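Below: one structure, written as structure tokens.
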Amino acid sequence: MKKIVSLLGLALSLGACSSVDKMSWAQQSPDEFMVMSRAPLSLPPEYDNRPVVEPVSAQQKQAALKAKFDGLSRGEKAFMKQIGAEQNNDAIRTELDNEMKVSE
């Protein structure tokens, strides 16, 4: 019995020799920002340039709309026609803005 107690005491005394950080149960995680260096942020030289928007004719709009519905089945086309998906509303943004003002 004395041998077990002395071995246990020896193990505890040797365990106390290490530093406090090694004895703690909390694990230190690496800093994820120090793993890799980051390149400086910069804007592209053409950042302020706006894309050129060319006017679209009504025929081009109809052709694009027809092309969008080409891959649909008859049932899907009927549903899209029933909900009015074929009609374009160019003033939709102002209508939505007005609706949002009313609801506030």
Side-chain angles (χ1 to χ4, degrees):
M1 180 73 174
K2 279 186 170 182
K3 289 183 181 182
I4 293 175
V5 173
S6 62
L7 286 176
L8 184 61
L10 180 64
L12 288 175
S13 64
L14 288 176
C17 291
S18 64
S19 69
V20 176
D21 289 338
K22 291 182 182 176
M23 295 269 308
S24 68
W25 291 98
Q27 212 174 16
Q28 297 292 329
S29 60
D31 185 10
E32 65 270 10
F33 296 108
M34 297 305 292
V35 174
M36 292 181 62
S37 62
R38 293 181 286 173
L41 298 177
S42 62
L43 293 175
E46 302 89 20
Y47 182 72
D48 292 328
N49 294 347
R50 298 281 182 194
V52 178
V53 179
E54 298 190 17
V56 179
S57 68
Q59 292 174 346
Q60 289 173 330
K61 285 183 185 179
Q62 286 291 18
L65 188 63
K66 188 175 182 182
K68 185 166 47 170
F69 293 131
D70 279 345
L72 302 178
S73 68
R74 283 189 349 204
E76 291 169 333
K77 287 179 185 178
F79 175 71
M80 296 299 265
K81 187 175 184 178
Q82 190 175 13
I83 64 170
E86 297 173 339
Q87 301 165 353
N88 286 336
N89 187 356
D90 292 333
I92 190 68
R93 177 52 51 198
T94 55
E95 286 182 22
L96 290 174
D97 288 341
N98 290 337
E99 287 178 9
M100 291 303 290
K101 287 178 187 175
V102 171
S103 66
E104 290 177 353

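Fair warning: this is a prediction, and the values are worked out from it, not measured in the lab. What you see below is based on every heavy atom in this structure, not just the backbone, and it leaves out hydrogens, waters and symmetry mates. In this chain, numbering begins with 1 at the start of the sequence shown.
- Applying the side chain to side chain contact (heavy atoms under 4.5 Å, CB included) criterion to Ala85, with sequence neighbours excluded, gives Phe69, Met80, Ile83.
- Taking the side chain to side chain contact (heavy atoms under 4.5 Å, CB included) definition, one finds that Ile92 meets it with Asn89, Glu95, Leu96, sequence neighbours left out.
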Under 3.5 Å donor-acceptor pairs involving side-chain atoms of residues 50-60, not counting sequence neighbours:
unit_1, atom_1, unit_2, atom_2, d
Ser57, OG, Gln60, N, 3.3
Gln60, OE1, Ser57, N, 3.0

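- Residue Asn98 holds its CG atom at 11.5 Å from CE of Met100, rounded to the nearest 0.5 Å.
- Around the NZ atom of Lys77, the shell of radius 6.0 Å holds more than 12 heavy atoms that belong to other residues, nucleotides or ligands.
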